[in-house]
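Have a look at the structure below before the remarks.
All chains are named by letter (A, B, ...) in the order of the sequence lines, taking the proteins before the strands, and each is independently numbered beginning at 1.
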2 protein chains.
Amino acid sequence: MSRPLNRPLTLRDVSEASGVSEMTVSRVLRNRGDVSAATREKVLKAAKALGYVPNRIAGSLASQRVNLVAVIIPSMSNMVFPEVMTGINSVLEDTPLQPVVGITDYLPEKEEKVLYEMLSWRPSGIIIAGLEHSDASRAMLRASGIPVVEIMDTDGTPVDAMVGISHRRAGREMADAIIKAGYRRIGFMGTKMALDHRARKRFEGFTQALAKAGIEMADQEFYSGGSALSKGRELTSAMMARTPDLDFLYYSNDLIGAGGLLWLLEQGYDIPGQIGLAGFNGVELLQGLPRRLATMDACRAEIGRRAAEIIVARTSEPAQDIETLVTLAPTIDRGDTLRMP
Amino acid sequence: MSRPLNRPLTLRDVSEASGVSEMTVSRVLRNRGDVSAATREKVLKAAKALGYVPNRIAGSLASQRVNLVAVIIPSMSNMVFPEVMTGINSVLEDTPLQPVVGITDYLPEKEEKVLYEMLSWRPSGIIIAGLEHSDASRAMLRASGIPVVEIMDTDGTPVDAMVGISHRRAGREMADAIIKAGYRRIGFMGTKMALDHRARKRFEGFTQALAKAGIEMADQEFYSGGSALSKGRELTSAMMARTPDLDFLYYSNDLIGAGGLLWLLEQGYDIPGQIGLAGFNGVELLQGLPRRLATMDACRAEIGRRAAEIIVARTSEPAQDIETLVTLAPTIDRGDTLRMP
DNA sequence: CTGAAAGCGCTAACAT
DNA sequence: ATGTTAGCGCTTTCAG
């Protein structure tokens, strides 16, 4: 008990306590190379008794290896990214790699800053949301020399690898399904999406498909901030007052869709006969609403998994071959709010 | 362009490119010490041109300082921890400190493992959820010699600092409010809480307060897994079938409470006259339901902020004095489902 | 199977 | 205002 308090323990302490060289202690602690069972025991005992925790900073510098995967996402508070994280974790759990998360709040400047900070830790790989980045960010990604996987979206050109869905196509397909079901007076509600490129692409795909069928969007409204559920309520009530003859409402996410659904049910609308609804994301949370909202799964967990698998394959020794341009195909779930054709 | 591809740049590269010593380059890049405006410019220009990103691994080792705060929480997928993170972030944003998150899934063994990994990075501070830890974890925390803030709960003895609410008291106060409002046949629904100590303490406080008033819990049920909204629906419908004369339902969280609320409304129950409801957490998401569920704010963002402030104060030079045993006082929000006395 | 020497990329502490 | 020297705690490499 003579160690000066607050000096963290080093390999050397364990070496002295066990009477084994630092090098061999290091070998034991990393299960590397051959060490006799006897010395092994001695070392492990000493390390445990002292409460030694290796210093990864030093280890990483010496070995030029950091088992970190930088995960850069816009937000953690909506339902989508926690599930992506779950997918990533499920794959990395069985490897020495560890995810480290950075949040950008959908701001390019913040993304740039976060990326810089992350790169300064020299991670083994980067998983980053979206294909749209500042020039500086893209340059950093390219120059990093490590595997980069851009996730969520496949409508664009990745720096390196890419896993996601086509949001443009997702919008198109939902539009097609809505039209096939016979709806004609269609309204749209969604976030102000200057910086949410995926929401924007869904919207573009949606309107395109409508146009192709000779249909013009009958009404649309964008919001920002606030609780999504009540926003959905407010927007829907305002829109139905303004354009009472709408027979379908497409929402840019399930939560505002759910708010709209609750309001319409209260008002006594016949769903999906008189009016149909659809959202986007396939949020599990919403199971338990009076009706299941039509939606489209964004393949969140799968995207996380596939992205992590690419990093794992690329960082394994020797590097495994693996598909690096992955476009997943989401399917429509009609729920109870989008009638069959 | 003669640098061998994939060798990360070092200070030395910038030094050579700018004709300034490594030390001065380092000073410029860290805004430390006096450097003439002229050399400053030269260095910055060279660094930018090369795309140099400092190596923090080396920097941390040399300076014996790592501006990381380990945040160890059970989960990221419910509503509570993302908001705690928001609070933490809001404070750390203005400091050099950076949060790094570890997830325990409510498993003590996993907490131990995550804690060990985190400590191996020698963070400047630790924020960890709960007061219940394995002996090994507690030993690591104590031995780490860095500021430790245990958050969420104050019913127990912390290793070091502590910020939270008393969940036992939260349960008691809700029980008192329910009794004062005249409800007598009370049912409880919540998660199986062997490992969720805070839910358990709320439950204990609740039953205690009922007992004190001579009331016995009329029915209770525990669930695990599944979507909370539909669980709330199922449990409520089952419980009302089994014990039809219940006049109040206390839920261990707002989400299952919301499920119950939706079901009861559909069945035509008179709320809060015939039957009252309350949840816990003060989840903003739920604004927009047909009725506002009575709840109690868990002070999530505030907890995060105060915890981060403690770490900041303790790691600043010289260490600031700050309150390290913080018990927040949550208040009841009666919403539309708990009538006045 | 074990150990000794060298150095990872940076910064603290002194020079000058 | 700038440079020099000596490590930080570990792992790589090479010798026994």
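In this model, the phosphate group of D:dC10 is not approached by any side-chain N or O of A:Ser26 to a distance below 4.0 Å at OP1 or OP2. Side-chain nitrogen and oxygen atoms of B:Tyr52 include none within less than 4.0 Å of the OP1 or OP2 phosphate oxygen of C:dG9. Remark: A:Ser36 is in phosphate contact with C:dT2, judged by side-chain N or O atoms under 4.0 Å from OP1 or OP2. Close to C:dA12, at under 4.0 Å from its OP1 or OP2, lies a side-chain N or O of B:Arg30. For D:dC10, neither phosphate oxygen OP1 nor OP2 lies less than 4.0 angstrom from any side-chain nitrogen or oxygen of A:Gln64.
Nucleotide D:dT12 holds its P atom 12 Å from the CD atom of A:Glu317, rounded to whole Å. The CZ atom of B:Arg40 sits 12 Å away from the P atom of D:dA1 (whole-angstrom rounding). Rounded to an integer number of Å, the gap from B:Leu11 CG to D:dT4 C1' is 15 Å. Rounded to a whole Å, the NZ atom of A:Lys42 is 11 Å from the C1' atom of C:dT2. Residue B:Arg7 contributes atom CZ, which lies 8 Å from atom P of C:dG9 at whole-angstrom precision. Here D:dG9 presents its C1' atom at 13 Å from CD1 of B:Ile57, a figure rounded to the nearest Å. The nearest whole Å value for the distance from the CZ atom in A:Arg12 to the C1' atom in C:dA5 is 14 Å. Residue A:Leu61 contributes atom CG, which lies 12 Å from atom C1' of C:dT11 at whole-angstrom precision.
In this structure, the separation between CD on A:Gln98 and CE on B:Met118 is 6.5 Å, given to the nearest 0.5 Å.
A:Arg65 comes within 4.0 angstrom of sugar-phosphate atoms only, judged by non-hydrogen atoms across all strands, and of no base. When heavy atoms are screened at a 4.0 angstrom cut-off, A:Thr39 is found touching the sugar-phosphate backbone but no base atom.
Heavy-atom nearest nucleotides on DNA chain D were determined for A:Ser63 and for B:Val35, and the one closer to the 5' end corresponds to B:Val35. Ranked by how close their nearest DNA chain D nucleotide is to the 5' end, B:Thr24 and A:Thr10 are led by B:Thr24. Between A:Asp34 and A:Met23, the residue anchored closer to the 5' end of DNA chain C is A:Asp34, taking for each the nucleotide with the nearest heavy atom.
Between the side chain of B:Ser18 and the main chain of B:Val14, a donor-acceptor pair closer than 3.5 Å is present. Panel note: side chain A:Thr315, backbone A:Ser124; no donor-acceptor pair is recorded below 3.5 Å. Using a distance-only test at 3.5 Å, with no hydrogens or angles considered, no donor-acceptor pair links the side chain of B:Thr24 to the main chain of B:Val20. At distances below 3.5 Å, at least one donor-acceptor pair connects side-chain atoms of B:Asn89 with backbone N or O atoms of B:Met85.
Interface remark: the A:Arg27 side chain does form a donor-acceptor pair with the C:dG3 base, using a distance-only criterion of under 3.5 Å.
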